[in-house]
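We number each residue from 1, following the sequence as shown. Atoms within a ligand are numbered from 1 in the order they appear, just like the ligands themselves. Everything quoted here is computed from the prediction, not taken from an experiment.
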Amino acid sequence: MSIEKNPQERLRWYGRRRGHKLRPRRQALVDNLLPRLRLEPAPEGASLDLAGLFPGPVSGIRLEVGFGAGEHLAAQAQIYPDAGFIGCEPFINGVASLLALIEEDGLTNIRIFDDDARELLPCLPEAGIGKVYVLYSDPWPKKRHQRRRFISDATLKMLARTMADGAELLVASDHMDYISGVLELMTRHADLSWQARSKRDWTEPPPDWVETRYEAKAKEQGRKPVYLRFLRNPRDQERDRENTC
Ligand SMILES: C[S@@+](CC[C@H](N)C(=O)[O-])C[C@H]1O[C@@H](n2cnc3c(N)ncnc32)[C@H](O)[C@@H]1O
């Protein structure tokens, strides 16, 4: 499964990288704090030492793709101070907002990849991630734009590789066409299992949920969020499947 590349062999990015000019305090955080927290992808073929990214031992690593202004990521990092968090977001104004929260709250357990998460996923170690959040990802509603969506067969394959056995992938969205597209892709993915047993499982947020900016906007406009929880199947099952003909 290949991912669309442009002639310079970088992945094609359709979102925004920059909005309004940053206020001086935010710009100073980008100049001084971001370089200390920034994740650099490993050289080709190597994988990142995730535990070594954080000042002390961590109980597990969680990944948020497209953290927007970072309020969910910063709140989760406060709720789970023993975990290490990696946030990916190419929109620098969002990165600057997260940096402000990190500074205000004195958070030491967040590292930032300020680029397209698809560039980072191949550098993460196999089974290295304990939980993945993809919240209110751009739905690209027009049919001809749907291949720009973050969740695709190719990214699911990369995510499944880097998720530990039993790790959770949480997808939230208020866009029903996007949700049905995600469900279609995920339910045919052999390494992931949807956890819903009743309607409440996808209409109610998880107990430690922190509302994101996009969710607040969706609710204000009368749209109902959907929460899809998938677990990474144990790798033993894969081996059993491969050995059965
Ligand atoms: C609609 S916003 C939602 C932001 C936030 N999760 C929230 O709920 O408020 C989607 C965000 O995902 C980011 N994004 C989209 N594709 C991405 C990718 N491949 N890697 C990292 N971030 C991505 C965009 O830059 C944008 O900030």
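- Scanning the protein heavy atoms around atom 8 (O) of ligand 1, the nearest turns out to be Thr212 OG1, 2.6 Å.
- Of the candidates Leu63, Asp191, Leu231, Leu192, Leu192 is the only one forming a side chain to side chain contact (heavy atoms under 4.5 Å, CB included) with Met163.
- In this comparison of Gly70, Ala117, Pro90, the heavy atom closest to atom 22 (N) of ligand 1 sits on Pro90.
- Taking a 4.0 Å cut-off on heavy atoms, Gly15 fails to register as neighbouring ligand 1.
- Side-chain polar atoms of Tyr80 and Asp208 form a donor-acceptor pair below 3.5 angstrom.
- Aromatic ring centres of Tyr133 and His72: separated by under 6.0 Å.
- A distance-only check finds no donor-acceptor pair linking the side chain of Arg38 to the backbone of Ile112 [under 3.5 Å].
- The atoms of ligand 1 that sit less than 4.0 Å from any heavy atom of Phe150 are 19 (N).
- Gln146 and Asp177 share a side-chain donor-acceptor pair at under 3.5 Å.
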Could you walk me through whether Tyr227 and Glu204 pass side chain to side chain donor-acceptor pair (under 3.5 Å), step by step? CA-CA 7 Å; Tyr227 309 91; Glu204 304 270 322; over 6 Å; no

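- Ranking protein heavy atoms by distance to atom 5 (C) of ligand 1, first place goes to Gly66 O, 3.6 Å.
- Near Tyr136, meaning under 4.0 Å from any of its heavy atoms, are these atoms of ligand 1: 1 (C), 2 (S), 3 (C), 8 (O), 10 (C).
- On a distance-only criterion, Tyr214 and ligand 1 share at least one N/O pair closer than 3.5 Å.
- Taking SG of Cys88 as the reference point, atom CG of Leu39 lies at 7.5 Å (rounded to 0.5 Å).
- Of all protein heavy atoms, the one closest to atom 15 (C) of ligand 1 is Asp138 OD2, 3.3 Å.
- Residue contacts with ligand 1: Gly94 is excluded, as none of its non-hydrogen atoms falls under 4.0 Å.
- Annotation for ligand 1: atoms under 4.0 Å from non-hydrogen atoms of Trp13 are 14 (N), 15 (C), 16 (N), 17 (C), 18 (C), 19 (N), 23 (C), 25 (O).
- The closest non-hydrogen atom to atom 13 (C) of ligand 1, taken over Glu89, Glu64, Arg17, comes from Glu89.
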Show, in sequence, the C-alpha distance, side-chain angles and deciding distance for Trp209 and Glu215, and conclude whether the side chain to side chain donor-acceptor pair (under 3.5 Å) test is met. CA-CA 11 Å; Trp209 181 246; Glu215 176 163 291; 2.8 Å; yes

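- Numbered from 1 in the order shown, with element, the atoms of ligand 1 that lie under 4.0 Å from a heavy atom of Asp116 read 18 (C), 19 (N), 20 (N).
- A cation-pi contact, defined as under 6.0 Å to the ring centre and within 45° of the axis, is absent between Arg149 and Trp140.
- At least one cation-pi condition fails for Arg118 and Phe150: the charged atom is not both under 6.0 angstrom from the six-membered ring centre and inside a 45 degree cone around its axis.
- Atom numbering of ligand 1 starts at 1 in the shown order; those under 4.0 Å from a heavy atom of Gly68 are 4 (C), 5 (C), 27 (O).
- Remark: among candidates Leu135, Leu120, Leu73, the nearest residue to atom 6 (N) of ligand 1 is Leu135, based on non-hydrogen atoms.
- Note on ligand 1: Tyr133 sits outside its first shell, no heavy atom being nearer than 4.0 Å.
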